[in-house]
Amino acid sequence: MDGLAGDGFGVSPWRVAWRGFRASRAGVHGLGALAAVCCGGLLEPVLSAGNPTPGGAAKAAVAALDAVAASLLLGGSAAVLAAVVALVWGGGAALAGGRAGPRLVTLAGVAGALPLPLLPLMAGGLLDPDLGLFAVVLGLAAAPAPAVAAHGVLAALLRSDMATAADAAGLTRGAVLLRRVLPAAAVPLLAACWSALPRVLAMEGLAGLVHLGPGHGPAGEGATWGSLLGDAVAGGGPADLLGPGLLLAVTLWALGAIGDGLAQAAATLIPGGRRGAP
Amino acid sequence: MTSVTAAVPHPDHRILTAEGVGVFRPRRGGGAGTDLLSGIHLSLDAAEVVAVVGDEGSGKTLLLRALAGLLPPGVERVGRVAAGRAVLVPADGGLWPGAPLAEQFAAALAPFGLGRGAALRRAERLLTRLHLDNPARWLPLCPHQMGEGNRWRAALALGMAALNGGTGTEETGGLFLADAPGAGLDPTVRARLLHLLADWARESGAAVLLAGRAGDGLDGPADRVLRLSGGSLGPAPERDEAVAAPLVPSGPPVLSVRGLRVAVPLVRGGGGPLVVDDVSFDVGPGETVVLLGESGSGKAVLLRALARLMPAVSGRAAWMGHDLLTLDDGAVRAARGDVQMLFPDPRAALAPTVTLGDQMTEALDALQPGFTPAEQAARAAAALELAGLPLAATGYYPARLPPELAAAAGLARALVTGPRLLLADDPFAALDDGGRGRFLERLLRVQQARSLALVVATADADAACRLAHRVLVMLNGRVVEEAPAADLVRDPRHPFTRALLAAAEGHRPALDGDPPGLFAVPSGCPVRRRCPRVRDFCAQAVPEPEVVRPGHRVSCHYWDVADDGDAGTG
Ligand code: SF4
């Protein structure tokens with residue numbers, strides 16, 4: 001094998017995946033944009049202290065920055081729940097196989113095709129003040145699509161020659177799952193589940209726009225971008241829409257771009273995407 | 001998409017003249033760029049067929065694109081290219097996925113003044129030339145509704161239509177460029193298709209330049225074969241590959257397979273159609289048996305059943321006195337130290353997130369517990385050395401290894417437990433020609449060093465005959481011919497064997513059409529719809545094995561009938 005050995009084959013796959021992410025221009029820009037939004041949220045007290053009685057668009061912008069933490073916390077917690085449900089649902093379907101597996105995936109596919117964004121609207125109307133329950137509904141509504149993707153990733157890996165070869169090498173089914181399938185699936189699954197985050201933020205924004213969901217309390221405490229959008233539609237002017245609308249749009253774009261970067265990282269980790277990278 | 005470049009009139013029958021052609025990637029801000037191809041001199045006359053072969057990444061696609069004037073952004077060409085009208089059929093065939101074939105042919109033939117009706121009639125003629133059955137049935141369909149073989153027939157016919165309307169002369173023939181034509185097809189189907197394309201070129205005056213990997217059958221129909229290597233074009237060297245050492249008989253068989261049947265499990269716990277049907281063979285110590293067959297022949301399933309990676313319906317596989325097919329889980333684990341497997345794509349078979357060394361150690365832990373870490377390290381080092389890898393390879397992550405290195409890594413992983421039987425499923429599938437030769441040599445060396453019994457499944461008849469002591473030709477789950485490799489090369493009796501050998505030698509196989517799908521196997525002899533010798537009786541009974549001479553058996557009703565011109569070629 002003279003002349004074939006070369007550098008770089010011992011580079012950790014996680015570093016390779018990170019390089020793949022960095023090679024994705026969209027992913028890097030998305031990460032930068034998300035960081036900028038978070039920094040804006042952190043700097044909000046400084047900005048509002050320098051201008052204690054802002055008016056018009058400046059006031060709306062400060063309020064939108066003030067809502068960064070609440071929006072991302074709500075979105076993040078709902079997305080984590082969505083990811084957990086998706087992994088259990090999709091992973092369970094992949095492991096169950098037989099007749100139950102395809103049925104579970106079909107169910108997820110059907111649920112994903114339903115107008116689930118209406119679910120948070122209804123829940124927002126019924127559970128208005130309960131932020132926790134609202135986050136749960138958001139998470140459940142966002143789970144089916146990543147569940148289908150997670151099933152695709154795991155089912156492909158469980159059927160792959162990698163799993164068969166590990167079986168031939170004497171590994172037990174548990175060891176095949178823990179030491180082969182799950183590490184290989186980690187980045188593709190992260191990419192699959194990441195899509196839940198922009199989804200829940202978009203749903204929360206939609207619910208807020210029609211004045212449902214949390215954050216519509218007095219004096220705007222616990223306000224999210226959705227609730228600010230709703231308030232602006234209900235009583236404010238176009239300038240009030242600009243701040244939360246812009247921040248929500250930038251955040252959604254950034255999250256989508258990071259998702260692209262993660263997909264590229266998954267493809268770099270496993271060249272050719274033969275093992276079910278989404 | 002099939003790409004067409006504008007016509008430039010040329011005075012005589014020389015269709016292509018390329019002088020001093022180079023392709024380079026310019027450096028940003030000026031200065032010398034990176035040479036990708038250099039000093040290419042090439043000429044093609046009307047009705048001439050030339051094959052350019054080269055390993056993966058040698059620049060074959062770039063050369064075709066440079067000649068067609070269709071270079072991708074970021075690279076530039078130097079030198080002179082004079083060509084008439086040119087068509088490039090890209091590596092995937094270039095059909096529009098969402099448009100019916102009829103629309104694509106009508107658009108391709110419109111510049112030749114053909115209305116829709118005339119264009120469709122011309123399309124049918126071209127598709128018939130490439131042996132597409134009942135072309136009128138396929139024209140309204142989109143490419144994704146066709147099988148791989150028919151999709152390639154349509155892609156090449158569309159290229160022919162776009163070049164010269166399918167009917168040219170020496171003056172109007174044009175230049176037909178095809179990148180890896182028929183890639184992914186079974187060898188007999190691909191060889192037949194390329195010969196039909198060459199026939200058309202010689203009739204229509206087109207000059208054809210085929211580019212692909214050596215060993216992909218491009219050289220068969222070609223008048224000249226050139227090799228692209230290191231960015232330069234030169235004559236193709238003769239292939240000189242190792243062959244198996246003669247087998248010295250030494251004792252009873254180590255593996256004895258009898259009446260093996262394997263079904264595709266379509267539902268859990270339920271049966272499905274048989275993909276391996278009543279297969280029996282023996283493997284002696286140090287012997288190499290090759291299962292030679294095309295897709296759907298059942299060769300890979302057979303290996304997996306022997307390795308207990310899928311269940312068998314019935315049969316016996318006696319290994320060292322134990323039936324591999326009925327061992328309980330504990331005994332299977334013990335047997336797996338002795339019986340190891342190589343997979344077609346080792347990069348996909350090795351875990352991407354675990355180093356090769358750790359994967360070897362895990363296999364030892366699981367299959368042969370009791371070794372100390374120092375003993376495990378010594379075994380891993382020995383396996384790496386046998387596989388031709390440096391000791392540093394224990395730290396390699398397999399997913400990003402180049403194919404040849406990955407094949408060696410897969411071999412090292414399999415050898416670490418010291419197996420006495422190696423089951424290799426298409427071990428050359430991911431390798432280019434050079435890599436295939438070196439890996440074949442390596443496998444033979446390992447076999448001799450360890451006295452391994454080797455069972456290899458492959459569709460590559462050339463590799464099979466070099467590697468094997470004995471060859472079992474498989475078709476639709478059955479062995480249709482079995483003979484020592486030398487006998488099979490000298491005197492193949494089954495039409496399917498003849499076709500496989502003909503395709504490997506670059507001749508036109510006599511078998512026509514595509515292999516039947518799993519659910520469309522005809523009654524009687526499974527190859528009768530493609531067989532040039534077929535008679536009525538072939539539809540009535542599945543042929544049983546008959547003895548040609550000791551050690552040589554064939555399953556054909558008419559194996560002893562004198563040839564009527566189908567000696568592998570037709
Ligand atoms: S049995 Fe008939 S159809 Fe089959 S290979 Fe022999 S001659 Fe051909």
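Order of the sequence lines sets the chain letters (A, B, ...), proteins ahead of strands, with each chain counted from 1. As the structure is a prediction and not an experimental result, all values here were calculated from the model. Only heavy atoms go into these numbers, but all of them, side chains included; no hydrogens, no water, no symmetry mates.
For Glu375(B), the CD atom sits in a packed shell: over 12 heavy atoms of surrounding residues, nucleotides or ligands are nearer than 6.0 Å.
Qualifying side-chain contact (heavy atoms from CB on, under 4.5 Å) partners for Trp14(A), counting only residues two or more places apart in sequence or in other chains: Ser12(A), Ala186(A), Val187(A), Leu269(A), Thr353(B).
By a heavy-atom distance cut of under 4.5 Å, Gln359(B), Glu362(B), Ala363(B) are the residues of residues 356-365 of chain B near chain A, going up by number.
Between Arg445(B) and Glu441(B) there is a salt bridge, since a side-chain N of the basic residue sits under 4.0 Å from a carboxylate O of the acidic one. The pair Arg436(B)-Asp55(B) fails the salt-bridge criterion, with no side-chain N (NZ, NE, NH1 or NH2) lying under 4.0 Å from an Asp/Glu carboxylate O. Electrostatic pairing of Asp161(A) and Arg304(B) counts as a salt bridge here, judged by a charged N lying under 4.0 Å from a carboxylate O.
Side-chain contact between Phe439(B) and Pro403(B) is absent, with no heavy atoms from C-beta onward closer than 4.5 Å.
Contacts between Val181(A) and chain B at a heavy-atom distance below 4.5 Å are absent for every atom of the residue.
Of the possible donor and acceptor atoms, one in the side chain of Trp194(A) sits under 3.5 Å from a partner among the backbone N and O of Leu255(A).
Put simply, of Ala163(A), Ala168(A), Ala166(A), Pro183(A), the one with the most heavy-atom pairs under 4.5 Å next to chain B is Ala168(A).
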